[in-house]
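Here's the structure, in structure tokens; my notes come after.
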Amino acid sequence: MDTDSGPAAEQGGSLADRISKPANSDTPNDSSKTTGDLTDAQVDGSSEPRGGSKLEEPEYDVAVKLSDMQADPNNPLYSVKSFEELGLPPPLLKGISAMNFRRPSKIQERALPLLLGNPPKNFIGQSQSGTGKTAAFTLNMLGRVDLSLKQPQALVLAPSRELARQIIGVVQTMGQFMEGLEVAAAIPDSSKRGQKVQGQIVVGTPGTVTDLGRRRYLDMSKIKVIVLDEADNMLDQQGMGDQCFRVRSQLPRDVQSVLFSATFPQDVLHFADKFSPQANMITLKAQELTVEGIRQLYLDCDNEGQKYDVLVKFYGLMTIASSIIFVRTRATAFEIERRMIAEGHQVAQLSGGLEGKDRDAVIDRFRSGQAKVLIATNVLARGIDVQSVTMVINYDIPTDQFNKPDPETYLHRIGRTGRFGRTGVAISFVHNKESWSALMEIVKIWNVTPQRLDTSDWDEVETQVKKIIKNSTTAAAQLRAGEGDMEM
Ligand SMILES: Nc1ncnc2c1ncn2[C@@H]1O[C@H](COP(=O)(O)OP(=O)(O)OP(=O)(O)O)[C@@H](O)[C@H]1O
């Protein structure tokens with residue numbers, strides 16, 4: 001029995017009954033490299049041709065371990081079939097191969113036959129962070145569009161412009177051998193004034209898509225597939241939920257509605273069911289959602305003010321490929337940025353307070369490795385895929401709009417590291433009884449016990465964190481020395 005709860009697919013019935021509560025290189029030369037040359041194994045949301053990260057260390061790491069993980073039935077990356085056996089058309093197999101995907105993950109292997117079946121059926125899919133949900137819904141869209149028709153046929157809605165841009169990159173890379181494929185963005189400032197959105201696949205944020213639809217710049221009459229990425233987040237938020245339903249109401253009746261997320265809390269299930277009725281489903285139990293490769297730690301600070309000193313001390317000690325510091329407010333993001341820059345760190349800050357183009361510049365700097373530290377609010381908690389991220393810091397424990405602990409956001413934030421079999425650390429800062437209780441409430445839901453880092457002994461903190469991060473490089477060293485498992 002593998003880790004998915006219940007049968008992989010079910011049909012009909014109440015959704016709430018069925019989902020458990022949350023307790024490049026693309027040149028022919030490159031793709032024909034030998035399996036021993038694994039420096040370019042896999043392509044992340046930041047890779048070429050979108051100005052990607054060239055950091056090699058984490059890529060070695062996953063290459064060494066991936067074959068073992070994909071052979072372990074309890075691992076979310078486990079698969080029994082190859083992409084070829086999933087019946088994908090040749091140009092898509094070529095695209096997958098150019099991305100260095102050797103085998104599907106569990107969610108890909110299970111979701112694809114359900115997604116691609118005819119007549120198309122709605123689908124709700126849940127799988128741990130970083131396990132390849134984007135490829136699953138992208139392959140379905142690419143498999144369904146008619147390239148001779150120059151009208152929008154598939155629409156993806158995502159909660160942030162950064163995620164929408166990232167998805168566009170994945171669709172373009174995966175669909176690079178499909179002649180005539182056009183992918184369009186529907187995010188603020190993406191379309192020229194007065195011009196219709198052109199492209200068989202459109203990826204956008206709900207506000208802009210609603211707006212373009214209202215002004216008749218986006219023709220939705222031929223849309224066959226609608227995807228909500230981070231679906232629980234999209235349907236949960238008052239504003240976005242309304243917008244998603246408004247968009248849905250403008251689509252043809254027989255549209256295939258596809259929802260994906262790592263989390264589906266109980267209170268949004270009703271909306272998921274409404275948005276995607278009678279869906280085939282793949283779900284997980286709460287205790288199955290944590291990613292093994294992400295080591296969860298916490299750090300005690302004396303008070304709010306000391307958090308900053310601890311942060312700076314921490315960065316003074318460690319050299320980390322890339323990391324993200326999550327904070328609650330824009331003001332804290334700006335303040336930490338200002339102070340860390342003054343200390344000589346290469347940091348960038350991204351919050352909703354910045355203009356779209358500035359946000360693009362920040363995320364691009366981070367993806368390219370120019371900025372090693374990204375300070376972010378929850379706008380970036382979900383979906384962002386940068387494989388070089390080896391550490392996530394919860395500077396503020398995530399809370400919702402009512403100041404209650406937010407377990408889903410915690411899971412998504414820490415999921416920015418440990419992508420597709422990589423390892424990483426997630427460190428949460430607590431500074432009083434309230435933040436401590438909030439963290440404990442959160443980790444209990446996910447059935448994990450984070451380890452405490454003792455800040456009275458900084459040598460020990462350094463040793464511990466370095467050991468975890470080094471684990472991911474030991475295998476790399478073995479690989480370079482010709483040892484280790486290189487079969488993929
Ligand atoms: N079959 C595969 N083989 C190798 N790498 C893969 C495969 N599928 C996806 N990946 C890579 O794994 C990484 C994570 O994929 P993706 O961003 O789709 O995860 P996700 O499940 O959507 O995560 P999240 O829940 O955080 O949104 C990406 O860098 C992607 O390129």
Side-chain angles (χ1 to χ4, degrees), residues 24-56 58-67 69-70 76-77 79 81-109 111-112 115-116 127 129-143 145 154 156 163-179 181 183 201 203 227 229 260 367-368 383-389 419-422 486-488:
N24 139 34
S25 181
D26 54 9
T27 62
N29 280 344
D30 283 314
S31 56
S32 65
K33 274 180 185 159
T34 62
T35 49
D37 185 359
L38 294 166
T39 52
D40 61 349
Q42 299 179 234
V43 174
D44 69 5
S46 64
S47 297
E48 304 288 5
R50 280 152 282 124
S53 160
K54 303 224 166 34
L55 294 165
E56 291 181 0
E59 311 220 355
Y60 270 112
D61 170 43
V62 76
V64 173
K65 293 181 184 160
L66 198 53
S67 58
M69 291 177 182
Q70 297 210 278
L77 307 185
S79 61
K81 290 199 181 124
S82 62
F83 280 112
E84 285 75 11
E85 287 169 283
L86 291 174
L88 295 165
L92 286 183
L93 289 174
K94 247 176 118 179
I96 289 167
S97 163
M99 291 176 87
N100 281 309
F101 290 6
R102 268 87 165 180
R103 295 192 75 82
S105 61
K106 191 181 278 186
I107 186 70
Q108 291 166 353
E109 179 181 293
L112 280 167
L115 284 165
L116 288 162
S127 163
S129 56
T131 52
K133 295 184 282 292
T134 317
F137 67 71
T138 299
L139 288 168
N140 177 48
M141 294 190 300
L142 291 172
V145 293
V156 186
L163 185 52
R165 288 179 71 221
Q166 178 180 298
I167 294 167
I168 290 171
V170 174
V171 179
Q172 283 170 336
T173 310
M174 212 161 247
Q176 64 187 292
F177 300 104
M178 292 176 64
E179 216 161 298
L181 176 72
V183 190
I201 297 183
V203 185
V227 179
D229 194 16
F260 269 105
R367 285 187 186 286
S368 71
I384 296 303
D385 179 52
V386 180
Q387 291 177 354
S388 55
V389 173
R419 313 283 298 160
F420 215 86
R422 288 175 174 73
M486 291 165 57
E487 214 187 295
M488 294 286 291

Set out, in order, the CA-CA distance, both residues' side-chain angles and the distance that settles side-chain contact (heavy atoms from CB on, under 4.5 Å) for S82 and R102, then state yes or no.
CA-CA 8 Å; S82 62; R102 268 87 165 180; over 6 Å; no

Decide side-chain contact (heavy atoms from CB on, under 4.5 Å) for I96 and L139; before the verdict, give the C-alpha distance in whole Å, the side-chain angles of both, and the deciding distance to 0.1 Å.
CA-CA 9 Å; I96 289 167; L139 288 168; 3.8 Å; yes

Where do I201 and T138 land on the side-chain contact (heavy atoms from CB on, under 4.5 Å) test, with the steps shown first?
CA-CA 10 Å; I201 297 183; T138 299; over 6 Å; no

Assess the residue pair R367 and I384 against the criterion (side-chain contact (heavy atoms from CB on, under 4.5 Å)); give the C-alpha distance rounded to whole Å, side-chain angles, the decisive distance to 0.1 Å, and a yes or no.
CA-CA 10 Å; R367 285 187 186 286; I384 296 303; 4.2 Å; yes

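Atom CZ of R165 is separated from atom CD1 of I167 by 12.5 Å, given to the nearest 0.5 angstrom. Within the model, atoms CD1 of I107 and CG of L77 stand 11.5 Å from one another, a figure rounded to the nearest 0.5 Å. Interatomic distance, K133 NZ to Q108 CD, rounded to the nearest 0.5 Å: 10.0 Å. Residue M99 holds its CE atom at 15.5 Å from NZ of K94, rounded to the nearest 0.5 Å. Note that CG of L116 is 11.5 Å distant from CE of M141, once rounded to the nearest 0.5 Å.
Contact detail for R103 and F83: the closest heavy-atom pair is C-CE1, 3.4 Å. Here the closest heavy-atom approach between residue T131 and residue S105 is recorded as O-OG, 2.7 Å. Of all the heavy atoms in A135 and M174, the pair that sits closest is CB-CE, 3.6 Å. Nearest approach of A98 to F177, heavy atoms of both residues: CB-CE1, 4.0 Å.
Proximity of D385 to Q166: side-chain heavy atoms (C-beta onward) are separated by under 4.5 Å at one or more points. Contact annotation: the side chain of M178 approaches that of L92 to within less than 4.5 Å [non-hydrogen atoms, C-beta and beyond]. Side-chain contact between L142 and L181: present, with at least one pair of heavy atoms (C-beta onward) separated by less than 4.5 Å.
Side chain of E109 to backbone of P104: no donor-acceptor contact under 3.5 angstrom is found.
Taking the six-membered ring where tryptophan is involved, the planes of F137 and F260 are tilted, since the angle between them lies from 30° to 60°.
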